[in-house]
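To start, the structure under review is shown below, and the notes come after it.
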Amino acid sequence: MIFPEDFVWGAATASYQIEGAVKEDGRGQSIWDTFCHTPGNVADGDNGDVACDHYHRYRDDIGLMRELRLGAYRFSVAWPRIQPDGEGPINLRGLAFYDRLVDELLAAKISPYVTLYHWDLPQALEDRGGWTNRDTAYRFADYAQAVHDKLGDRVSDWTTLNEPWVAAFLGYGNGVHAPGRRDPAAAMRSAHHLMLGHGLAARRLREAGARSIMLVVNSAPVLTPAQVNDPAAVPSEADAAATRRIHALLTRQFLDPAVYGTYPEEVLAAAGRNGGTDHIQDGDLELINVPIDLIGINYYNPCVVESGPGLPADAAWPGSEDVKFAAVDAPTTAMGWPIVPDGLSRLLVRLSEDYPRVGLMVTENGAAFDDVVEGGRVHDDDRVAYLDGHLREVHRAIEAGADLRGYLVWSLLDNFEWAEGYRRRFGIVHVDYATQTRVPKDSALWYRDVIGRNGL
Ligand code: FCB
């Protein structure tokens, strides 16, 4: 199974999950610092104060990437390092870190894929309403411009947002993520303002000459239980409506305005029942509808739903109180997420049909398992099987005609897994947090060989 010649192979991380050094070189506070240091929010009371200490160890980490033959590395920039208060003067010492990182990557012949927002909003902006405040979108565009001004001569691949659904609906809807607010109306507003920020930033990047602009979503095929095992299964009209509603909230809410300048009626209805639609001002959809080059897809598992009383009003799915999330008959990862590899090919083919003019990239895919180090090795056969199964589906989607440009594994390193803290290990490289020792797991060595032969 050989992949296209210019297929991009890489790995992904995010600033707050790996960097540590939260008080260094003038970095301001982010909503994740605040959230972690509020008892009860994160498993085991964990926080990102030290994480993988990547801020100090980035050179060695890039050495590892080179040994694994990665062609691309997707990382995010911490906004509070660049603008400690979320606006105003640029903190040059913070920006210098990413400058060094990019130079070191290029020296190792690894393409940098820069994500501008992977959830670490400056706390100062949250104090003024965070993403519920329209002004945050404009502040984001300024920040994006500042980062591009410094790195744009060497970085050609830019991502505005990572997973705006998670930022809005887990951050402001059910409160599982920072800033921990529980208000469906705030979540709907935030989702729109994130998209406005995406559009404003994308326009600035485009004007500044960025070669490739990407929006990354946590997408999933939304299926009824019967459709999981039988793609041809025909759902009842009520179940089909449930899948359409959730697909609209999860995926179309972000990709439709970006690609077509429209919101699905299901999204407008959900907003209408949760605070109204006044925050969507005339002209906003035109601002959001800036041409993008790539849609980035973070896929872990399908979303399985049926109609029926289910979700409490304050959950992450406003306006979907008549939708029930169903269990899947499949093995699970340590996150409890069902392993359904063909969900990825079904998703990629669907998105390539719905957004045919935009290229696709798998920007995250991977799994947490309870890894153990034995005699200096980690025999993570379960992760190898997960990655192998999903890469076969990636290949299948390409054969079916999807314009898929690359695959980035989540994650390079074990890291701070948000509300789950350090107990969930997603890395292909094991991290001993007490000593910061890195040990490439068997999956890393397997992945290196896959990259080496450009296939399975
Ligand atoms: C995604 C996030 C990423 C990581 C994985 C497991 O939702 O983008 O940071 O936590 O899930």
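Heavy atoms only: backbone and side chains are in, while hydrogens, waters and symmetry mates are out. In listed order, ligands and their atoms are each counted from 1.
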Problem - N162 and ligand 1 - part of the residue with a heavy-atom distance under 4.0 Å - result: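 Only the side chain of N162 comes within reach of ligand 1.
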Practice task
With heavy atoms only and a cut-off of under 4.0 Å, state how W119 meets ligand 1: side chain, backbone, both or neither.
Solution key: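 The part of W119 near ligand 1 is the side chain, not the backbone.
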Exercise for the section: Could you say whether the N/O atoms of W337 and ligand 1 ever approach to under 3.5 Å? Expected result: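 N/O-N/O distance under 3.5 Å: no.
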Exercise for the section: Could you verify whether a donor N or O on one side chain and an acceptor N or O on the other, from H56 and E24, lie under 3.5 Å apart? Expected result: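 Their side chains do contain a donor-acceptor pair, which is all the 3.5 Å distance test asks for.
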Problem - Ion pair D403/R405, N-O distance below 4.0 Å - result: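 Answer for the salt bridge query: yes.
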Practice task
Without swapping roles, check the side chain of N41 against the backbone of F35 for a donor-acceptor pair under 3.5 Å.
Solution key: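 Judged by distance alone, yes, a pair lies under 3.5 Å.
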Handout entry: Heavy-atom pair with the smallest gap, counting every atom of Q253 and M195
Key =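 Nearest heavy atoms, Q253 then M195: O-CG, 4.4 Å.
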Handout entry: Considering all heavy atoms, the nearest N47-Y16 contact
Key =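 Shortest heavy-atom separation between N47 and Y16 comes out as C-OH, 4.0 Å.
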Exercise for the section: Determine, using ring centers only, whether W165 and W317 are less than 6.0 Å apart. Expected result: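 Yes; W165 has its ring centre under 6.0 Å from that of W317.
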Exercise for the section: Measure centre to centre between the rings of H177 and Y172, then say whether the value is under 6.0 Å. Expected result: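 No, ring centres 6.0 Å or more apart.
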Just need the protein heavy atom nearest to [atom], so name the residue and atom and give the distance.
{"atom": "atom 3 (C) of ligand 1", "value": "E364 OE1, 3.4 Å"}
{"atom": "atom 7 (O) of ligand 1", "value": "E163 OE1, 2.6 Å"}
{"atom": "atom 5 (C) of ligand 1", "value": "Y300 OH, 3.3 Å"}
{"atom": "atom 10 (O) of ligand 1", "value": "E417 OE1, 2.6 Å"}

Handout entry: Contacting atoms of ligand 1, where contact means under 4.0 angstrom from a heavy atom of W418
Key =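 The atoms of ligand 1 under 4.0 Å from a heavy atom of W418 are 3 (C), 4 (C), 9 (O), 10 (O).
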Practice task
Check ligand 1 against F426 and write out every atom of the ligand that is under 4.0 Å from a heavy-atom position of the residue.
Solution key: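 Result: 6 (C).
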Practice task
Assess H118 for proximity to ligand 1: is some non-hydrogen atom of it under 4.0 Å away?
Solution key: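 Yes, that is the case, since the closest heavy atom of the residue is under 4.0 Å from the ligand.
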